[in-house]
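Scroll down for the structure; my scribbles are underneath it.
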Amino acid sequence: MAMTDVAHDAVDYVRPAEVAEEALYHPKTWLGKYVFSQDAKIIALQYSMTAMAVGLIALLLSVLMRLQLGFPGVFSFITPDAYIQFVTMHGMIMVIYLLTALFLGGFGNYLIPLMVGARDMVFPYVNMVSYWVYLFAVLLLLASFFVPGGPTGSGWTLYPPQTILPGTPGADWGILLMLISLAFFVIGFTMGGLNYVVTVLQARTRGMSLMRLPLTVWGIFMATILALLAFPALLVSAVMMTLDSVLGTSFFMPAIVSMGQTLDYSGGSPVLFQHLFWFFGHPEVYIVALPAFGIVSELISVHARKNIFGYRLMVWAIVVIGGLSFVVWAHHMYVSGMNPYFGFFFATTTLIIAVPTAIKVYNWVLTLWRGNIRLTVPMLFAIAFVFTFINGGLTGIFLGNVIVDIPLSDTYFVVAHFHMVMAVSPVLAVFGAVYHWYPKITGRMLNETLGKFHFWVTFVGLYCIYYPMHYLGILGVPRRYYATGVTDFIPESAQVMNAGISIAAIIVASTQLVFLYNLAVSTTRGKPAGDNPWGATTLEWQTATTPPSHGNFGKELPLVYRWAYDYSVPGAKEDFIPQNVPASGDTGDAR
Amino acid sequence: MALAIILVLLVVGSVLFHFLSPWYLTPIASNWNYIDDTLTITFIVCGIVFVAINFFMAYCVYRYRYRKDRRAAYEPENKRMEWWLTVFTTVGVIAMLAPGLFVWAKYVEVPDNARLVEAVGQQWKWSYRYPGADGILGTVDIRHMDGRNPFGMNPDDPNGQDDVLVNGPEIHLPLGSPIKMLLRSKDVLHDFYVPQIRAKMDLVPGMITYFWFTPTRAGRYDVLCAELCGTGHYTMRSHMVLEEESAFNAWLATQPTFADTQAVKVASAGGSLAEQGRQVAESQGCIGCHSIDGSPSVGPTWKGLAGRTETLADGSTVVVDDEYLMESISVPNASIVAGYPPIMPPYQLDEGEMAALIAYLNSL
């Protein structure tokens with residue numbers, strides 16, 4: 001049977017693991033255990049909490065933006081300058097400092113060693129430094145709120161020349177802090193990222209072949225490779241722009257008359273920056289999406305009590321999407337003034353990505369098909385992810401197809417699309433993941449009633465925010481506008497919609513407080529979870545203690561005998577068989 | 001159960017919203033209805049996929065909901081099905097990409113007989129240039145730009161002398177013949193955007209970009225900037241008037257050539273002094289940043305400005321008199337009103353224009 005070579009192709013006998021638990025260096029002091037910790041699990045929590053704290057600031061900024069858009073002129077403290085500063089900081093924080101840090105630094109650190117059966121990341125010290133550099137980058141970024149002129153208001157894309165010219169807020173101090181902060185983020189991330197890649201490649205336990213890795217690990221692993229290859233482009237463009245700003249070089253600056261003054265620049269190319277930025281920026285989309293893909297595959301399989309459908313194709317889809325993501329960047333630049341003949345190439349590569357992406361969607365849905373679906377809170381979020389991702393993925397076909405992009409680019413259609421696909425979807429995956437792994441991290445379950453309330457308001461609310469927004473874009477309403485003002489083509493009713501969207505946004509944003517409350521209260525009052533409350537097969541649920549101690553697995557590392565998705569195996573006693581149960585064990589596994 | 005119902009409702013609601021909502025493409029005013037057709041094809045293909053997959057998912061959620069006595073099927077792979085789905089998806093993608101690339105080929109090939117018109121962007125104002133009787137646009141350079149020569153025309157280029165310069169709030173174009181819009185920026189990125197034309201393109205300082213279209217429907221349309229260009233981005237407006245050839249020619253004849261603008265100014269336009277000032281404000285783009293109705297904008301509103309007491313950035317106060325107004329126009333950064341960024345460019349107006357503008361300000 002074809003299925004056997006997926007599930008059971010490796011040998012049954014596995015040599016015992018070699019790293020003895022005693023050999024590990026355990027921290028002796030409170031400071032070494034919880035603050036300057038080298039334990040990937042603590043570092044994961046540090047990353048996650050920092051990312052969530054800074055994410056709350058970005059959430060607040062989005063509420064302020066929506067107040068201005070929904071009720072223009074009512075809130076006089078939101079000036080045109082403040083508005084584009086909010087836009088900029090909201091975007092940059094959410095994409096880089098929240099989602100990238102949370103998926104890779106947070107989930108990557110917690111899950112990779114546990115899921116591959118390792119005691120820790122391979123370079124624990126570098127791993128610790130990675131977090132502190134990230135924290136420093138976050139503080140630098142937040143400092144820009146307090147310098148003269150405030151944070152930069154150039155949009156998260158930081159397009160020169162306006163970024164460093166006086167018509168844009170934060171052109172002196174704000175932008176420098178942003179660029180330096182980004183440089184530190186990249187440095188910190190590189191330390192962590194090398195760790196994740198080497199750990200997956202070198203520290204897997206006996207029997208854990210690459211084709212037995214849980215898809216969560218595959219998603220995070222591939223995303224990290226993308227990040228290691230893409231972030232250098234961001235780093236060099238940040239350095240070059242800093243030089244343009246501080247030393248007066250002209251990498252990105254042509255001859256300019258700004259506000260009546262002839263400037264001292266000449267010969268640089270603003271489009272060059274856009275190429276560098278999007279060479280980073282497009283893979284960045286998948287840096288956020290691939291871990292979400294992996295996590296959702298995990299959640300759907302576990303809670304549908306069914307193996308993930310087409311595991312090998314799922315792995316190949318992740319790899320192919322990752323590879324293709326490096327040859328599609330200029331689809332963000334169809335109206336940038338680059339040579340229009342590039343459009344043929346980039347539209348074609350972009351639409352090719354639709355094929356492996358669609359396969360992933362089919363396989364999620366086919367995993368539900370003939371499953372035994374438990375609608376737990378993590379499962380609700382996973383299904384909501386698939387729903388919004390289908391929506392956001394399909395509108396991506398509009399924008400990837402160069403000629404259809406022309407009327408839609410720089411309108412609210414773009415805003416709606418990228419929020420649906422790389423904000424709403426990944427965030428729903430994050431929530432699902434938190435509800436799913438919280439019992440392992442704390443030993444207690446999150447409150448289910450609060451969880452369901454949180455789910456319904458968030459899912460339906462977010463859809464009500466972003467679905468109508470597409471139609472503002474089709475109508476032609478441009479994005480990044482402080483106010484639409486008087487036009488002939490925007491009807492009064494559009495303002496009604498804007499007000500409605502703002503109200504929905506405020507409701508959804510405040511509901512996140514319920515989630516935070518749940519997170520805090522359940523650490524002490526949650527129902528005790530036990531080691532494996534969901535009946536999952538992967539190694540993190542097979543630890544000796546919950547939460548897992550330093551070194552993860554106690555005396556002996558687990559040995560792996562099967563793939564990660566042996567759910568509802570015919571003839572087996574339970575509806576799941578953990579990865580570390582031998583084929584010849586007393587599970588009733590017939591093969 | 002609830003989830004299955006909500007999923008179905010969201011899908012049905014989305015489809016209904018598409019057909020019933022009042023927000024959709026503006027009526028087209030150019031030859032690019034191909035773009036609208038491709039958009040429609042994409043909507044049909046994607047709409048079908050959206051409805052089909054989500055209905056199937058809702059069905060699964062309902063049909064295979066958890067039962068203690070049931071086991072899920074065990075089926076790691078199904079090569080046949082995966083193969084068919086891949087082929088099916090590829091066909092769907094080709095059905096959308098192929099017509100798209102076909103139209104794109106038209107979009108990148110500018111017709112040989114296209115008329116040249118140039119749009120010039122600066123923070124936060126549009127101006128326009130026509131080639132004049134010789135059909136050739138004169139050369140320009142950033143070094144030639146100053147208050148008297150805002151287009152940066154090369155004064156020694158004979159081709160530029162008859163170029164028609166429109167330093168005002170409207171661009172006029174004749175119906176029926178293809179137009180090649182050349183785009184030039186003085187300072188930062190902008191994007192020449194008229195929703196009804198469908199086509200758009202960024203303006204990039206240091207290079208000339210372009211796109212082409214044929215105007216097909218008479219009317220007056222909003223011109224907006226679609227690429228974030230700083231604080232006043234949202235105020236960077238103009239209008240595009242599409243009209244019959246004869247009306248267009250009549251309008252064009254009233255606009256000054258480069259040679260005219262360099263000649264000594266003769267009597268200014270008619271109307272009262274304040275009315276002339278209104279025209280100055282419009283042509284200089286002042287009202288892009290200063291509202292005349294009291295609404296908040298990039299700079300202080302002009303409504304009731306004259307005679308008001310303003311607090312300056314350094315904490316001192318000043319009564320807005322003619323002297324202060326003149327200083328603020330020619331040396332804007334000398335004393336900035338508190339709460340506003342120091343971003344206004346200095347304007348070099350001649351005495352008549354200045355007097356008219358001050359009169360206009362006093363009338364508001």
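Lettering follows sequence order; numbering is per chain, from 1. Just the heavy atoms: all of them, side chains too, but no hydrogens, waters or symmetry mates, feed the values below.
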Report task. Give the member of B/R67, B/Q122, B/M145 that has the highest number of heavy-atom pairs under 4.5 Å with chain A. Result -> B/R67
Report task. Side chain from CB out, backbone as N, CA, C, O: work out which of these in A/A304 comes under 4.5 Å of a heavy atom of chain B, or both, or neither. Result -> backbone
Report task. Could you check whether the rings of A/W369 and B/F56 sit parallel, tilted or perpendicular, using 30° and 60° as the cut-offs? Result -> tilted
Query raised in the report: Can you check whether A/D410 reaches B/D191 side chain to side chain, under 4.5 Å on heavy atoms?
Result: yes
Query - Under 4.5 Å from any heavy atom of chain B - which part of A/P72 - result: neither
Query - Heavy-atom side-chain proximity of A/N372 to B/Y64 below 4.5 angstrom - result: no
Query raised in the report: Would a 4.5 Å heavy-atom cut-off, applied to side chains only, mark A/T395 and B/F50 as touching?
Result: no
Report task. Answer yes or no: is there a side-chain heavy-atom contact under 4.5 Å between A/P340 and B/Y210? Result -> yes
Report summary line: CZ of A/R370 to CZ of B/R71, rounded to nearest 0.5 Å, is 15.5 Å
Query raised in the report: Taking every heavy-atom pair that is under 4.5 Å apart, which of B/G206, B/A226, B/A58 has the most such pairs with chain A?
Result: B/A226
Query - Ring geometry between A/Y334 and B/W104 (parallel below 30°, tilted from 30 to 60°, perpendicular above 60°) - result: tilted
Report task. Against chain B, label A/V486 side chain, backbone, both or neither, depending on which of its atoms sit under 4.5 Å from a heavy atom there. Result -> backbone
Report summary line: Max heavy-atom pairs within cutoff under 4.5 Å with chain A, candidates B/I53, B/L85, B/V49, goes to B/L85
**Report entry** Test side-chain contact (heavy atoms from CB on, under 4.5 Å) applied to B/D187 and A/V257, A/L263, A/I256, the passing residue
**Finding:** A/I256
**Report entry** Whether B/F88 and A/Y362 hold their rings parallel, tilted or perpendicular, with breakpoints at 30° and 60°
**Finding:** tilted
Query raised in the report: Is there side-chain contact between B/Y74 and A/Y565, with heavy atoms separated by less than 4.5 Å?
Result: no
Report task. Determine whether A/V404 and B/I35 make a side-chain contact, defined as any pair of heavy atoms from C-beta on separated by less than 4.5 Å. Result -> no
**Report entry** Test of ring centre spacing under 6.0 Å for A/Y471 and B/H18
**Finding:** yes
**Report entry** Pick from B/Q196, B/M81, B/R143, B/R220 with the largest number of heavy-atom pairs that fall under 4.5 Å of chain A
**Finding:** B/M81
Query raised in the report: B/T209, B/V45, B/L189, B/N78: which one forms the most heavy-atom pairs within less than 4.5 Å of chain A?
Result: B/L189
Query raised in the report: Given that the side chain runs from C-beta out, which part of A/L165 has a heavy atom under 4.5 Å from chain B: side chain, backbone, both or neither?
Result: side chain
Query raised in the report: So what's closer than 4.5 Å to chain B heavy atoms on A/L408: side chain, backbone, both or neither?
Result: both
Query - Non-hydrogen side-chain atoms of A/W456 and B/L3 separated by less than 4.5 Å - result: yes
Query - is_close_aromatic(A/F398, B/F43), centroid dist under 6.0 Å - result: yes
**Report entry** Structural part of A/F489 lying under 4.5 Å from a heavy atom of chain B
**Finding:** both
Requested in this report: Go through the atoms of A/S409 and report whether side chain, backbone, both or neither lie under 4.5 Å from a heavy atom of chain B.
Outcome: both
